[in-house]
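To keep things clear, I will list the structure first and then write my remarks on it.
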Amino acid sequence: MDKENLVLVVCPRCQSSLIQSKNILICKRCGAQYAIYDGIPILLQNGSTKDVKISQKKWDIQYSNLKEVEKFVSDPMIVSQRDFLNSYKSKIKNHVLLDLGCGVAWQSLFLAKEASQIIGIDISQEAVRKSNALFKKNKEKAVFIQADFLHIPLKDKSVDVIYWGLALEYVKDTERAIKETYRVLKPDGLIIAPFPPISLTTFFYHQLRGGDIPRIPVLGSFIEYIHVKVLNGKYMHFGYGQTFTTRYIKNIFEKTGFTVNEIGYYNTYYPLVLVPSILRSSLRGILKFRPFWPFAYIEATK
């Protein structure tokens, strides 16, 4: 890693500075060592919880099976996400952007010429490896790190903007993950976080497609027990996924200390892969109505 990026990175265990020795990062305080593979720091905390392990395993499989990464730049869902982010370009310009849960970082690539620096973090090594290759191929700069949401390996108050794109749902301890984003944001920093709200679409369709857990008392605990304890994540195709009420998400952000600016419908292309193609266009028309929202987003300021 170069000095510019290393100065922002900390030990995920104790949040102390790191020094580099060849392909190893060493914590100055606790002595923990972290490998660097192909220029990517592996800053994972030992002893991950079951939800994190499920998400890491499932997303590594998803990204391992993903071929011809470049062609997905024109995928309808990626294009619609870029359209959403287009309105934030002025707020990202000349600022440090953290793409949290970056996956393959198509969105960051779209914003590469706006941000002064881009940091992409994902639990999947396949995702950050492919992101690194994507940026190099397009002659853009970014630093990609393998890490989880509960131990963001960045210094306090080190980033200006966080884009947490449809990923906050993949860890059980949502409140702790949101606290981590608050810690690494600078004062007056901005976070934009699309997420799946509880709706008729997510309750039925997401259950069939990904085994999501609705955060509803008793029912959510029962569904989680079946998926995690009994089935060991077998049918959670996209990792440990959850859906939430918009009020629940708003309350956690406010409890953490954020000022919520907006929370509402996230207008993105929705593939509806389990629906016959002849019906998809008509069904997409009803997704903008609150009972059917597949995705929402929250925008908040520190």
Side-chain angles (χ1 to χ4, degrees), residues 8-16 27 30 32 34 43-59 98-102 119-124 145-159 161-187 189-198 212-217 220-221 223-225 227-229 233 236 238-260 263 296-302:
L8 293 178
V9 177
V10 297
C11 172
R13 180 187 297 178
C14 67
Q15 295 178 9
S16 294
C27 177
C30 69
Y34 305 94
L43 294 172
L44 290 171
Q45 181 67 291
N46 292 329
S48 296
T49 52
K50 187 69 173 287
D51 54 308
V52 173
K53 289 178 180 178
I54 290 173
S55 292
Q56 182 178 2
K57 178 182 177 181
K58 295 294 184 175
W59 282 108
L98 170 59
D99 189 349
L100 189 57
C102 62
I119 304 166
I121 290 179
D122 201 278
I123 189 68
S124 167
I145 300 168
Q146 185 184 10
D148 67 61
F149 300 153
L150 301 180
H151 309 90
I152 299 175
L154 298 177
K155 287 186 175 181
D156 294 0
K157 304 173 185 176
S158 57
V159 300
V161 181
I162 296 175
Y163 175 62
W164 199 0
L166 293 171
L168 71 83
E169 66 269 22
Y170 292 119
V171 62
K172 182 176 181 178
D173 196 344
T174 312
E175 185 171 354
R176 182 178 167 189
I178 291 171
K179 286 179 179 178
E180 274 289 271
T181 66
Y182 189 87
R183 177 182 66 80
V184 302
L185 262 181
K186 295 177 182 179
L190 180 71
I191 183 168
I192 309 121
F195 65 93
I198 292 174
D212 286 1
I213 299 163
R215 278 292 153 221
I216 299 173
S221 298
I223 292 174
E224 179 181 18
Y225 178 82
H227 275 300
V228 177
K229 298 293 186 181
M236 303 180 95
F238 299 97
Y240 181 94
Q242 303 177 86
T243 54
F244 318 88
T245 64
T246 53
R247 178 178 292 182
Y248 176 84
I249 291 296
K250 184 175 184 287
N251 286 346
I252 292 182
F253 270 84
E254 290 179 337
K255 180 182 176 182
T256 302
F258 283 105
T259 298
V260 174
I263 186 165
Y297 79 98
I298 186 166
E299 176 198 307
T301 307
K302 181 173 177 179

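Only heavy atoms go into these numbers, but all of them, side chains included; no hydrogens, no water, no symmetry mates. Owing to the predicted nature of the structure, the values given are computational and were not obtained by experimental measurement.
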Could you tell me which non-hydrogen atom of [X] sits nearest to which non-hydrogen atom of [Y], and how far apart they are?
X	Y	result
Cys30	Cys27	N-SG, 3.4 Å
Val171	Gln242	O-NE2, 2.7 Å
Pro153	Ala147	CD-CB, 3.6 Å
Met236	Gly241	CE-N, 3.9 Å

[X]: partners by salt bridge (Lys or Arg N to Asp or Glu O under 4.0 Å), with sequence neighbours left out:
X	result
Lys155	none
Lys50	none
Glu180	Arg183
Lys172	Glu224

Would you compute the distance between atom [atom1] of [X] and atom [atom2] of [Y] and round it to the nearest 0.5 angstrom?
X	Y	atom1	atom2	result
Ile152	Ile121	CD1	CD1	6.0 Å
Ile249	Ile252	CD1	CD1	5.5 Å
Arg247	Ile263	CZ	CD1	11.0 Å
Ile198	Thr246	CD1	OG1	9.5 Å
Leu150	Asp51	CG	CG	7.0 Å
Leu154	Leu8	CG	CG	6.5 Å

Hey, can you pull the donor-acceptor pairs under 3.5 Å for the side chains in residues 9-16, sequence neighbours left out?
residue, atom, partner, partner atom, Å
Ser16, OG, Arg29, NE, 3.0

Any residue meeting side chain to side chain contact (heavy atoms under 4.5 Å, CB included) with [X], in chain and number order, not counting sequence neighbours:
X	answer
Phe258	Ile178, Thr181, Tyr182, Leu185, Ile191, Phe253, Thr256, Ala300, Lys302
Ala167	Phe149, Trp164, Tyr170
Lys58	Ile54
Thr301	Leu190, Asn261

If you define the side chain from C-beta out and look only at heavy atoms, does anything of [X] sit under 4.5 Å from [Y]?
X	Y	result
Leu168	Thr174	yes
Val184	Leu98	yes
Pro194	Tyr163	yes
Phe195	Tyr297	no

| Between the side chain of Thr243 and the main-chain N/O of Pro196, is any donor-acceptor distance below 3.5 Å? | no
| Any sub-3.5 Å donor-acceptor pair from Gln146's side-chain atoms to Ile123's backbone N or O? | yes
| field | Non-neighbouring partners of Tyr248 that pass ring pair (Phe, Tyr, Trp, His ring centres under 6.0 Å), sequence neighbours left out | value | Phe244
| message | Going by salt bridge (charged side-chain N to carboxylate O under 4.0 Å, His left out), name the pairs with one or both residues in residues 249-260, residues two or more places apart or in two chains. | response | Glu175-Lys255, Lys250-Glu254
| said: Would Asp148 and Gln56 count as a side chain to side chain contact (heavy atoms under 4.5 Å, CB included) here? Give the steps. | reply: CA-CA 9 Å; Asp148 67 61; Gln56 182 178 2; over 6 Å; no
| Is Lys57 atom NZ crowded by more than 12 heavy atoms from other residues, nucleotides or ligands, each under 6.0 Å away? | no
| note | Sequence neighbours excluded, the answer for side chain to side chain donor-acceptor pair (under 3.5 Å) partners of Asp122 is none
